[in-house]
Amino acid sequence: MEPATLAYSRLKRRRFDECIQTCTELLQKNPLDQAVWYIKCRALTDVAFTDDTEMEEEGIAEILLDDNAIATAPRPGTSMQRPLSSANSQRPTSRGQSANRPLSSSGRPVSGYARPGTSSRPLSSAVNPNRLSTAMGGGRLNTARPVTSSGRFVRLGTASLLQRPGGEFIEVDRLNLKRYATRPALAKADVREVLSIYLLTFGHPLRALELCSVSLVESEHKDWFWKAQTGKAYYRLGLYRDAERFFLSSLKDQEMVSSYVWLSKIYQRLDRPATAMDILLKACETFPNEVTLTLAVARIHDAMNDADKAMDNYKAALTLDSYNVEAIASLASEYFYSEQPEMALRYYRRLLQMGVSSAELWNNLGLCCFHAQQYDMTLACFERALHLAQGDAAADVWYNLGQISLGIGDLGLAYQHFQIALSLNPSCAEAYNNLGVLELRKGNADQARSNLQLAAQNGPYLSEPLFNEALLSYQFGQLDESYQLIRKCTQLSPNHFECKELLESLDSHFVTHEATQLMQLEFQEELKY
Amino acid sequence: MDKSFLGGNLSSFKMTTTTADGSILNIRERFNWKIHDLFIKQDMKACVALIDQQLEENNHSLEYPLYMKALIKRRNGEVSEALHLFQAAAALNPSNTNNIKQIAKSLRYLLGKHKQALAVLIELQTTTPDDWEVFHMAGMCLAFMKETDKAAAAFLKANAVSLHDETYLQLGKLLLLQQDQQGAREVFLQALQNSENPEILSSLGMISMHEGDVLIEYAEHYKAFDFFNRSLQHNPKNLKTILASGSIVQDHNEIDSALLRYRSAAPVNPDSFQMWNNVGMCFFSKKKYVSAIACLKKALYHAPFEWIVHFNLGLIHLTIEQSASAFHYFSASVNLNPNFGPTYMYLGITLNRLDDFDNACGAYEKALQIEQSHLTCLNYAVTLFNRGDEERAFVYLQQFESIFLEMEPEKRQEDPQITAQYELLKERCKSKS
């Protein structure tokens, strides 16, 4: 076969590596062969392309120097940074949800499906006083967060592509963009589109912007694609407002799902979830059967801690696409936390049938089995989970095994399980807290206290260790410590009844007695004159 | 009333005259009124600012600002700093017992230094013998140091000066700790003559309830119920009282009114495991097993260490013949509390249903070791008989008889099922032999 045709055929069959190889050979012979150049460009782009409609992790710089937020103290329910403050979040009673859903390391309720943005964005300083420290720490093991976000646009497996011997495929700085725009060749538009995608994918937003603006001028500001492309370039540059303008204008020319999703993404970055939601709902009217849109709506509801609405949308997504892993996983976890482990079990089994097999899935299956009282399956599931688990996940599995041992009343075994979890992940605050409680039951107050303190250190978003320590101090008559701890605790969980009770009884010591005394004293003072 | 009003007027009149004199004697204290004003308006920031300014101007030697600053510090939980300030204030004016009292108080709150606080208080008792609070605090310190007799004496002294609900409550608690129910009851009843304190009423109800449980006397239960109701009139949101009154009603098989009471507890604390446990058992009595299990599981979620919730769940699963689950819950309950006989008995029944006869026998014997209960004997006998071991069955049947026939006839007729089973087994045994 003629080599160029072969290369094109390989591109079509998505055998990119072979395609790139053929093209490289051809280009060595004839560096000016435009057709081959075009094929190679597309192949490279396709390999490195990431789904840019997904949210990405934010870097430290974005979080700490966030000058896009409109209000520093947003009203409840209007900001992603304070999901716990939304009006119906604390107790979505409609489905009888349990009091506490576990929190991720940033103090956000865990989602059923790990995706960027939901688990890592630290809450605002009002909720979480150690904002800086949580911002620096990424996951459980305190892996550092990237300094800026552009590093994360690279797909992990393709990072090596960026640094190939012989330099980059296109020498971006030497491109004459105007020439591309004005060249009246066949399929010139296509070449430009591929080039702009290439530039964006390989991290040259500035050059992409130049190309886009040239093309825009040439199309007399009427081409939706170039407008959207300009928006993406602006987004990469962190100029969200400009990006918003271009996407809106692009939507006027041509309504596209991706543009809508992008626009909602921008609004989320600006911390305006309500507007993002409006955009998506509007898009849903035009594209009623689009899973991406339904999922995006569900995600925003999830991020705002509005479980009921998120559930509805996940269900809608499932009717559109019954193989959607994200929807199934989210529904399963939601059912699990609203005390319907049997339902959760069915969803997780569905995932298993679809071929998903991970430590997390087996772990969840084990938990569901236990709570649905199918004891024969429980340990088998956990064994598989341990088999597959690595690193943090293994620690979590051991932690859950500890919970199971608590459930069968074997406290000694639970103690050991929590210890193993800690040996695998020494910053697992929940395990420290549980160890502290177990130590307390054994009567080792000092050990318990040190464990609880470690828990509070490692999980500044948790109220439990604070409350436990406050109770401990109270029982030992150290009222001042207890008072300080309980005040911190009430900030974190204002609806906890025992917490309020303890605070009230301490308040009676610290506050009310003085009022009467003050009056007496005042009286004495006056008598002196 | 009039008199004191006049007195207040007089003193303020005096004050204006002195300042009108222009005497600079007391000029350093001229902002005290403002400090007080800001404090009672809860404007702590401004108050602290003013105090700091005053202290700065006067070389930190003003008693009242120091005292106030200490109070504010203590409100914020910074007790050690507050203590230093109180001590500074006391050094300026050693004759003001208030400062010394606050020092004692801070010492008690601070790191629980009860001994030192007590030393200060004993000194104070000589200078101000007519302050109830000094005696009360001394009592609290002594109670914490486990010197119960001295503590009780101190509380009595405090009451001799003037009567306070708080003192009565502490005294009653002290007596309860010493297992002196009767004494505590008298103390509380005495307190009731002065005022209807909801907490005292609740405590009285608890005492009556426990006594009613021990003696199995309905009269005590009615008394307790009355106390609880009176307490709820004053404070309808006291969770403990609501739950206790509900449990009494539940014990007397008035399930619906018990549920009504628990419903009023739910908004106070929806996470209370005691409430969910009791609600679950209410449903159990109404034979709504699914709801019962749901409630009990919720209780278990909030209190994983409570053996009684495990026990109740086991009971329900045994009733709906899910023996494997029942076994699981009973074994968890045994793990958490190995000293409750009936759990072992039910464990025996469950194990027998799971065809593990040997371990079932072991469980029964353990139950009999802990407590010689007629129910355990009868169940053991039935199990043995059904397994074909008539001889041993007969032994335990006799054991059952010896316990059962000694009981009062009223109690014997409480559960007709027991007598029915007993008679059936007796007949069968006879016919076999």
Side-chain angles (χ1 to χ4, degrees), chain A residues 91 93 96 98-100 339 341 370-371 373-376 403 406-414 434 437-438 441 473 476-487 495-498 500-501 506-511 513-529, chain B residues 8 11-12 14-15 17-19 26 29 32-33 36 39-40 64 67-68 71 74-80 82 96 98 101-102 105-106 108-114 133 144 239 268-272 294 297-298 300-302 304-305 307 310 317 322 324-325 328-329 331-336:
Chain A
R91 216 174 282 285
T93 41
S98 303
N100 299 334
E339 291 171 16
F370 181 77
H371 287 285
Q373 297 176 5
Q374 303 191 1
Y375 303 117
D376 44 347
Q403 291 283 6
L406 282 186
I408 58 174
D410 194 340
L411 304 187
L413 194 64
N434 290 358
V437 175
L438 287 176
R441 278 183 67 86
S473 301
F476 278 80
Q478 298 160 354
L479 302 191
D480 59 328
E481 266 175 45
S482 180
Y483 190 56
Q484 268 165 355
L485 287 165
I486 206 75
R487 280 184 8 154
N495 283 348
H496 188 227
F497 179 77
E498 278 87 2
K500 275 193 271 184
E501 223 176 29
L506 282 171
D507 262 344
S508 71
H509 285 298
F510 279 82
V511 180
H513 278 250
E514 296 141 22
T516 52
Q517 239 126 63
L518 175 68
M519 293 313 287
Q520 287 169 7
L521 193 78
E522 187 69 5
F523 191 51
Q524 286 164 2
E525 285 282 322
E526 283 178 359
L527 280 181
K528 264 191 221 160
Y529 289 96
Chain B
S11 65
S12 63
K14 262 190 197 165
M15 190 178 77
T17 48
T18 42
T19 42
N26 284 322
E29 275 141 3
N32 284 2
W33 68 272
H36 172 82
F39 183 82
I40 55 171
Y64 186 68
Y67 176 83
M68 293 303 289
L71 281 188
R74 203 169 66 192
R75 280 172 76 101
N76 296 335
E78 300 162 51
V79 188
S80 54
N96 190 344
N98 228 320
K101 214 158 89 181
Q102 294 298 347
K105 233 181 191 185
S106 304
R108 202 166 81 71
Y109 296 144
L110 177 79
L111 300 169
K113 288 178 182 164
H114 297 273
E133 214 182 353
F144 211 90
L239 192 71
V268 182
N269 179 11
D271 300 338
S272 153
K297 278 199 165 175
K298 195 150 188 157
L300 200 61
Y301 171 82
H302 290 299
F305 294 126
W307 63 273
H310 284 279
H317 281 99
Q322 292 195 356
S325 296
H328 161 89
Y329 285 115
S331 83
S333 177
V334 161
N335 275 335
L336 291 169

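This is a predicted model, so every value here is computed, not measured. Computed over heavy atoms, backbone and side chain alike; hydrogens, waters and symmetry mates excluded.
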> In terms of heavy-atom proximity below 4.5 Å to chain A, should B/Leu239 be classed as side chain, backbone, both, or neither?
Replying inline: side chain

>> Counting heavy-atom pairs under 4.5 Å with chain A, which one of B/Val268, B/Asn269, B/Val334, B/Leu336 comes out on top?
In response: B/Asn269

>> Looking at every heavy atom in both B/Ala332 and A/Gly407, which two are closest together, and how far apart are they?
In response: CB-O, 3.9 Å

>> Once you measure the plane-to-plane angle for A/Phe370 and B/His328, does it fall in the parallel (<30°), tilted (30-60°) or perpendicular (>60°) bin?
In response: perpendicular

>> Taking A/His371's backbone N and O only, do any of them form a donor-acceptor pair with B/Lys297's side chain (distance below 3.5 Å, no angle check)?
In response: yes

>> Looking only at heavy atoms and a cut-off of under 4.5 Å, which of A/Lys500, A/Glu501, A/Arg441 has the most pairs with chain B?
In response: A/Arg441

>> Going by ring pair (Phe, Tyr, Trp, His ring centres under 6.0 Å), name the residues that satisfy it together with B/His317, two or more places apart in sequence or in a different chain.
In response: B/Tyr329

> Non-hydrogen atoms of chain B under 4.5 Å away: do they reach the side chain of A/Leu411, the backbone, both or neither?
Replying inline: side chain

> Heavy-atom distance under 4.5 Å to chain B: side chain of A/Leu438, backbone, both or neither?
Replying inline: side chain

